[in-house]
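Just below is one structure, and these are the notes that go with it.
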Amino acid sequence: MRYTFSNRLKIGSFILMGVGFLCLVLGFLNAPSTVEEAKEMVAAAHGDGHGDGHGEEASHGTEHEADYMAASGHASKVDSHGESHEAGGHDSAHDEHVFHQLQNRPWSALYVAAFFFFMISLGVLAFYAIQRAAQAGWSPLLFRVMEGITSYIVPGGIIVFVILLLSTLHMNHMFTWMDASVVEHDKLLQGKKGYLNPTFFLIRAAIFLGGWIAYRQYSRKLSLAQDKADDNKNFKLNFRISAGFLVFYLISESMMSWDWIMSLDPHWFSTLFGWYVFASMFVSGITVIALVTIYLKSKGLLPEVNNSHIHDLAKFMFGISIFWTYLWFSQFMLIWYANIPEEVTYFVTRIEDYKLPFFGMLAMNFIFPLLVLMNSDYKRVNWFVVMAGIVILFGHYMDIFNMVMPATVGENWHLGVPEIGGILFFAGLFIYWVFNALTKEDLTPKRNPFIEESRHFHY
């Protein structure tokens, strides 16, 4: 049975992309073009009296870093984005820094949304590879859904790569270590030049994306070939390459998280960061599998997928949410308790300047799934799983927001036109690409050795 892309959903995806694109363009047009314009924008914003912990004095964002540099024994002051300047030139350098932050805002909104929807497909790819390598018996009925979602890795990965490429070409100031004038006055960044340099950065990104896309395409090819084969050679080969891919994935995903997210704060690092980002993308990916599956069932498709399959997906949503919380708390507690200035400043800036997104993200990613999905019966109620999934997805968007925005725009953040535009545009692109991919083949695999076990799966 094949899925037919409904005109209503297709038109809806185009509308989302169109409105989102216009909002993103408006965000770029509203970005300041001069330092004086940036100063006027900051003065006007402060005059409006922002709440949520981000409407304080413009110089507030530099205080944590100044304290850190003093504690570290540095003679010069360094602003919160890693740019060093002598104390006498503080005002002009700070004004230029705020100008760069405000210019970064539409770029950062674009990047957060692009990365978020890309990481959903990457999380699904990991889950798919695990199911293949484990030879799981319950999940083959969901393989076509997973393969449809992972198809977004191609356009999503290309878009993220283009944003990274434009960053190396100095089209924005998100990655400060890419600015030679910054590195020249920063001994710490000079020590990282062997790894953090634009050429090696792009080479690594190309290797990561090439490996992920190659596995997805080849595994999908073997999966379809298995339906038409007379033996299980394609299935066995898929098992072997999936097991090997997981090794590559664990290494590349960790390095990707260091490169694409953690290096936005080049003075800060966490040895847990790779696992932390993985947990976020993993639970987001599983959540989208559940949402797409429930949608398809509501259209009379996937009739053999039963409540036990939904129950298992909801169990993963609950379990990985708790795993994410464990990693978040492990990272936060150790850094906060040790109170080492160069480490704790990462959380200080987020707690003081990003109160609403920081604590709201914790509530949506931990407290809400804990209370809603703990009951086993609720995991079988489709509308309940959908509600929980939407909250979890928004919570993990805010998680990426909290990782990126404090490093790139400082306290000059909003949830406004460019941020909404980024969500709408990439949501529309994601919906169009995924559901279009689902129309290409039958939604149920025919010759998977475990298909009967999946059909009769009950828990």
Side-chain angles (χ1 to χ4, degrees), residues 1-6 9-10 120-121 123-154 215-239 241-242 245 285-317 379-382 385-386 389 430-459:
M1 187 181 297
R2 288 201 181 190
Y3 167 70
T4 301
F5 200 168
S6 70
L9 186 60
K10 187 180 295 185
I120 289 174
S121 61
V124 174
L125 188 68
F127 189 71
Y128 176 78
I130 289 171
Q131 300 305 306
R132 288 282 184 185
Q135 298 189 352
W138 71 277
S139 55
L141 283 174
L142 304 175
F143 279 176
R144 292 290 181 264
V145 174
M146 298 183 205
E147 290 165 5
I149 298 170
T150 56
S151 68
Y152 182 77
I153 282 179
V154 178
Y215 167 74
R216 188 271 164 188
Q217 299 296 86
Y218 190 47
S219 181
R220 161 79 164 177
K221 179 181 177 181
L222 292 173
S223 179
L224 296 178
Q226 178 64 27
D227 282 357
K228 303 172 184 177
D230 296 325
D231 53 35
N232 292 328
K233 284 194 295 187
N234 293 301
F235 174 82
K236 293 176 181 177
L237 180 56
N238 216 342
F239 158 72
I241 67 166
S242 296
F245 169 75
I286 294 168
T287 298
V288 171
I289 295 172
L291 296 181
V292 173
T293 301
I294 290 171
Y295 171 79
L296 293 174
K297 280 188 64 63
S298 73
K299 298 300 179 181
L301 302 167
L302 298 175
E304 295 171 312
V305 173
N306 56 50
N307 286 339
S308 293
H309 293 97
I310 304 301
H311 177 270
D312 263 27
L313 289 170
K315 280 200 301 185
F316 277 110
M317 290 165 59
K379 297 186 184 77
R380 298 177 183 272
V381 181
N382 287 353
V385 175
V386 170
F430 184 87
I431 290 169
Y432 175 79
W433 202 275
V434 168
F435 284 95
N436 188 56
L438 289 171
T439 65
K440 305 300 183 184
E441 299 290 339
D442 289 345
L443 291 178
T444 303
K446 296 181 178 63
R447 286 207 67 260
N448 186 292
F450 294 100
I451 194 67
E452 288 303 318
E453 182 178 344
S454 186
R455 284 180 175 135
H456 296 95
F457 176 68
H458 290 282
Y459 178 80

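Throughout, residue positions are numbered sequentially from 1 according to the sequence presented.
Each of Leu443, Leu302, Ile451, Asn306 was checked for a side-chain contact (heavy atoms from CB on, under 4.5 Å) with Leu141, and the lone residue meeting it is Ile451. Between Phe245 and the choices Tyr218, Phe239, Tyr128, Tyr215, the ring pair (Phe, Tyr, Trp, His ring centres under 6.0 Å) rule is met once, by Tyr215. A side chain to side chain donor-acceptor pair (under 3.5 Å) with Trp138 is found for exactly one of Glu453, His456, Gln131, namely Gln131.
His311 places no side-chain N or O within donor-acceptor distance of the main-chain N or O of Asn307, the cut-off being under 3.5 Å. A donor-acceptor contact shorter than 3.5 Å is absent between the side chain of Ser121 and the backbone of Thr150. Side chain of Ser139 to backbone of Leu142: no donor-acceptor contact under 3.5 angstrom is found.
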Could you go through residues 433-442 and list every donor-acceptor pair under 3.5 Å that involves a side-chain atom there, pairing it with any protein atom two or more places apart or in another chain?
{"from": "Trp433", "atom 1": "NE1", "to": "Ser151", "atom 2": "O", "distance (Å)": "3.2"}
{"from": "Thr439", "atom 1": "OG1", "to": "Asn436", "atom 2": "O", "distance (Å)": "2.5"}
{"from": "Asp442", "atom 1": "OD2", "to": "Lys446", "atom 2": "NZ", "distance (Å)": "2.6"}

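Across all non-hydrogen atoms, the minimal contact from Met317 to Ala290 is SD-CB, 4.0 Å. Counting all heavy atoms, side chain and backbone alike, Gln226 lies closest to Phe235 at OE1-N, 3.0 Å. In plain terms, the two heavy atoms of Ala129 and Ser242 that are nearest each other are O-CB, 3.8 Å.
Residues Leu224 and Arg144 are in side-chain contact: their nearest non-hydrogen atoms beyond the backbone lie under 4.5 Å apart. Side-chain contact between Ile241 and Leu222: present, with at least one pair of heavy atoms (C-beta onward) separated by less than 4.5 Å.
Between Glu147 atom CD and Ser219 atom OG the span is 6.5 Å, to the nearest 0.5 Å. Rounded to the nearest 0.5 Å, atoms CD1 (Ile289) and CD1 (Ile294) are 12.0 Å apart. Atom-to-atom distance recorded for Arg216:CZ and Ile149:CD1 is 11.0 Å, nearest 0.5 angstrom. Within the model, atoms CG of Leu313 and CD1 of Ile286 stand 7.5 Å from one another, a figure rounded to the nearest 0.5 Å. Remark: Arg447 CZ to Asn234 CG distance equals 9.0 Å, nearest 0.5 Å. How far OG of Ser223 is from CZ of Arg132: 4.0 Å, rounded to the nearest 0.5 Å.
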Before giving the answer on side chain to side chain contact (heavy atoms under 4.5 Å, CB included), spell out for Lys236 and Asp231 the whole-Å C-alpha distance, their side-chain angles and the decisive distance to 0.1 Å.
-> CA-CA 10 Å; Lys236 293 176 181 177; Asp231 53 35; over 6 Å; no
Apply side-chain hydrogen bond (donor to acceptor under 3.5 Å, both in side chains) to the pair His309 and Asp312, showing each step before the final yes or no.
-> CA-CA 5 Å; His309 293 97; Asp312 263 27; over 6 Å; no
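Residues passing the ring-ring contact (aromatic ring centres under 6.0 Å, His included) test with Tyr152, sequence neighbours excluded: Phe430.
Ring geometry, Tyr3 versus Tyr295: the interplanar angle exceeds 60°, so the pair is classed perpendicular (tilted spans 30 to 60°).
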